[in-house]
Each structure stands twice: as C-alpha cells, then as structure tokens.
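Step one of this worksheet: look at the structure below.
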Amino acid sequence: MAERFDEEALRAVGVRIDAEHPEGIIFDPHQPQLRVTDLSAVRGDGIFETMLAEQGHVRKFSAHLERLQRSATITDIGIPPQDAWRAAVELGLDEFRNRGGLPDEVAVRITASRGVDGEPASDDPAFSGTYWALLTPVSEKVRTSRGRPISVTLLDRGYDSGASERAPWLLLGAKTLSYAVNMAALRWAAKHGHDDVIFTSSDGKVLEGPVSSILLGHRSSDGQVHLRTPSPDAGILPGTTQATIFRAAEQAGWRTSLGPVTTEDLHDAQFLWLTGSVKLVSPIGRIDDHSVAVDEELTTALLSFLNEAG
C-alpha cells in the first residue's frame, strides 16, 4: 500500500540520540526506527516536549528541557543530559540548512521512551531508553490560524481536582506519550462543531486543553489587565507558553494569578484564550452554546509578549 505524507511531513528531519551518538545522528523518519517491543509503542510509556523554532532559534528551550526532566522524574525514565538534546536539535536544524533551506518555523518534538522492556540500550541510565527528536516545518494552516477566535467544548476529564495528590501513580502533570484520551477528546469536539476542548474535573474545576493551557482575562474600566490560569496543583501540565506570557505581562504592569478556576469562573470571564508552544495564542469566542467576547488588542498583546521573549 502506498504511503501518503503531507508536504511538511515529507520534509521532516529525525535525529536519534544514544550512548554511541550522544550529540545525535540523522535518520529518515519515514523509515521504520522503533522495535515493535519498544514500550513507547506497546504501552505509550514515554514522555515528550514540543517546541517552536523560529529562524533557527528554539523558543523556551530551557523551560521545555526542565519540564521534560520533571516528567522524567515523575515517570522514573532516564533521559540524556540537556546538552545532548540541544546538540541533537541543532543537528536537525543544520540538516535543513544542508538541504538548501531552513524553514522560517519548525516544530521540534523531543521524545524519550523507556525503551525495550528488560533490554536497556545502555548501562548508563541516561541512555538506557530510546530517544529522538523530530523536526517538521510548521504548516501555513497552523501559522494563519494564530489569533483567530475558536469554539471550545467543556469535557469532564473523569477525576476530581484532588486526584493528583491522592493518586500520584496517575502521572497527572507529566507530559507522557499516553495521549489517546486527549486525541479522542479533540475528535469528539470536531464531530460536535468545535475547534478544541477544555477539560474539567468531576468536581467542577477547570483544568487545561488536550494540548494547551487556558488563560482568563479581565480588563477594568481604567485599563488594568488581569490574567488568570488554573494552578498546576490540580494535576495539570505547567504551561511554558502561559508562563512566558505571564512574565512579560507582569513586566508590562499587568496583574497575573494562579489558583483554582471553576466552570462558573470560566463562563463569567471577560476574555479567554488557549495557549500552546506551536499555535501560540487562540482567543475563545464560544464555549459550547455560550458566547465569549474577543478582544483583538489583547490577543495581539499576548502574541507580542511571546515575540519579545523569543
């Protein structure tokens, strides 16, 4: 059967990291690479991060590597040192240059698998699993969708806001490869006329999107802007894009806060956005059948905060 790839996927670059190639080695991502017994394939037992590289500069690289280490600690997966990941990504970017042109924007996904059960790839725990980076040009569709209002639906994630503390083995707050539920939620949303999802806990707390963080915004009559986001204490993934926006917003004199957010808070919010590393900022214009105001000026400001941070 003939394989079909879109244009961006055909241009993708793969870089493998192992004990013999700690700084990476190029591979063809369109050819088989994983053993069928690799735990990332058979159990989704791995972790990952997705970043955006603009003009060869990876945004928030340190923050993503720190979050990868956090996920590695939670899941007890050994991973290569940060220098290895940085070298591998730079090797991938150089491969684009050697092919004749580095795309303006590249989505960079770094993945760490626990590897093959009972057969560590190395005696060194930092290289005992399977590790790779995949670099793919960002599509024009994604680039032009930034800043455009979207419709979201609220979906129950199936656990209460105390589950993270009560049941740490659920790995809540780690960015694992087990994304079947997240993808199912996005398919559900699409079938029901929505662009994205906001997960809620069974006790009515707002969590996050399947691949994004949620921001609530309010602008007072005197022009003061307040941004709010759910606290990671609820077992959600700390957002690197959200954190970057908050730092820049605080420098601009805006107020920011973390804390519990209820579904009532969401419906009462003046403005709402989803944020992510590649799509950046998406204003929410509708939650189910509830309309939300969209402020283009504030959305532009959030995007500019990201541009300033680099």
Side-chain angles (χ1 to χ4, degrees), residues 47-52 59-60 63-64 67-68 70-71 105 107-109 136 138-139 141-157 172-190 192 194-201 205-217 227-249 256 258 261 263 265-267 269 271-288 292 294-295 298-299 301-303 305-307 309:
I47 55 178
F48 75 101
E49 284 289 326
T50 302
M51 302 165 281
L52 178 65
R59 286 188 172 200
K60 309 186 295 292
H64 281 284
R67 195 169 67 176
L68 184 75
R70 178 179 181 273
S71 295
E105 295 189 5
V108 180
R109 179 183 170 115
T136 308
V138 176
S139 69
K141 179 180 179 181
V142 169
R143 296 174 66 177
T144 57
S145 70
R146 292 171 183 154
R148 289 184 178 177
I150 61 173
S151 171
V152 302
T153 185
L154 301 185
L155 296 181
D156 190 336
R157 192 65 176 84
L172 303 179
K175 196 173 179 68
T176 70
L177 294 176
S178 302
Y179 259 48
V181 170
N182 297 46
M183 298 301 101
L186 289 172
R187 290 193 298 272
W188 175 275
H192 291 80
H194 300 284
D195 304 298
D196 216 314
V197 168
I198 295 176
F199 283 130
T200 63
S201 65
K205 298 297 191 298
V206 174
L207 300 173
E208 58 192 338
V211 293
S212 58
S213 301
I214 176 76
L215 296 186
L216 294 77
L227 296 179
R228 185 180 176 194
T229 195
S231 170
D233 293 342
I236 64 176
L237 188 72
T240 58
T241 302
Q242 168 266 310
T244 299
I245 289 174
F246 270 35
R247 284 193 296 270
T256 66
L258 303 174
V261 175
T263 53
D265 293 332
L266 207 62
H267 285 113
F271 311 110
L272 295 168
W273 300 269
L274 290 182
T275 66
S277 292
V278 176
K279 200 169 180 181
L280 303 182
V281 177
S282 298
I284 296 173
R286 183 163 63 98
I287 302 177
D288 293 317
V292 181
V294 173
D295 190 306
L298 288 182
T299 298
L302 297 184
L303 288 166
F305 287 159
L306 294 174
N307 291 331

Nearest-0.5 Å distance, NE2 of residue His194 to CG of residue Leu155 = 8.5 Å

Minimum heavy-atom separation for Ala107 to Val278, with atom names?
-> CB-CG2, 4.2 Å

Looking at residues at least two apart in the chain, or sitting in another chain, which of them share a side chain to side chain contact (heavy atoms under 4.5 Å, CB included) with Thr299?
-> Trp273, Val281, Pro283, Leu303

Drop me the distance from Lys279's NZ to Arg148's CZ, to the nearest 0.5 angstrom.
-> 9.5 Å

Got Asp196 and Ser282 here, is their nearest side-chain heavy-atom distance under 4.5 Å?
-> no

Is any side-chain heavy atom of Ile245 closer than 4.5 Å to a side-chain heavy atom of Leu306?
-> yes

Results of side chain to side chain contact (heavy atoms under 4.5 Å, CB included) for Ser71 - residues two or more places apart only = Ile47, Ala174, Lys175

If a pair satisfies salt bridge (Lys or Arg N to Asp or Glu O under 4.0 Å) and one of its residues is in residues 227-246, list it, with sequence neighbours excluded.
-> Arg228-Asp265

Hey, what do you get for CD1 (Ile198) to CD1 (Ile287), rounding to the nearest 0.5 Å?
-> 5.0 Å

For Arg143, enumerate each residue passing the side chain to side chain contact (heavy atoms under 4.5 Å, CB included) test, keeping only those at least two apart in sequence or located in another chain.
-> Asp104, Glu105, Val138, Glu140, Arg146

Asp288-Thr153 side chain donor-acceptor pair, cut-off 3.5 Å | yes

Within a strict 4.5 Å, meaning less than it, do heavy atoms of the Arg59 and Thr241 side chains meet?
-> no

Please check if the side chain of Arg67 supplies one atom and the backbone of Glu49 the other of a donor-acceptor pair under 3.5 Å.
-> no

Verify side-chain contact (heavy atoms from CB on, under 4.5 Å) between Leu227 and Gln242, making sure each step is shown before the conclusion.
-> CA-CA 10 Å; Leu227 296 179; Gln242 168 266 310; over 6 Å; no

When every non-hydrogen atom of Thr256 is compared with those of Ala249, the smallest separation belongs to CG2-CB, 4.2 Å

ring-ring contact (aromatic ring centres under 6.0 Å, His included) partners for Phe48, two or more places apart = Tyr179

Looking only at heavy atoms, what is the nearest atom pair of Ala189 and Val197, with distance?
-> CB-CG2, 3.6 Å

Do any side-chain atoms of residues 205-216 form donor-acceptor pairs under 3.5 angstrom with protein atoms, and if so which ones, sequence neighbours left out?
| from | atom 1 | to | atom 2 | distance (Å) |
| --- | --- | --- | --- | --- |
| Glu208 | OE1 | Leu237 | N | 3.1 |

Working to the nearest 0.5 Å, report the span between CG of Leu272 and NE2 of His267.
-> 9.0 Å

About how many Å separate CZ of Phe199 and CG of Leu154, when rounded to the nearest 0.5 Å?
-> 11.0 Å

Shortest non-hydrogen separation from Thr240 to Ser277 and the atoms involved | OG1-OG, 3.5 Å

Could you tell me the separation between the CZ atom of Phe305 and the CG atom of Leu280, rounded to the nearest 0.5 Å?
-> 14.5 Å

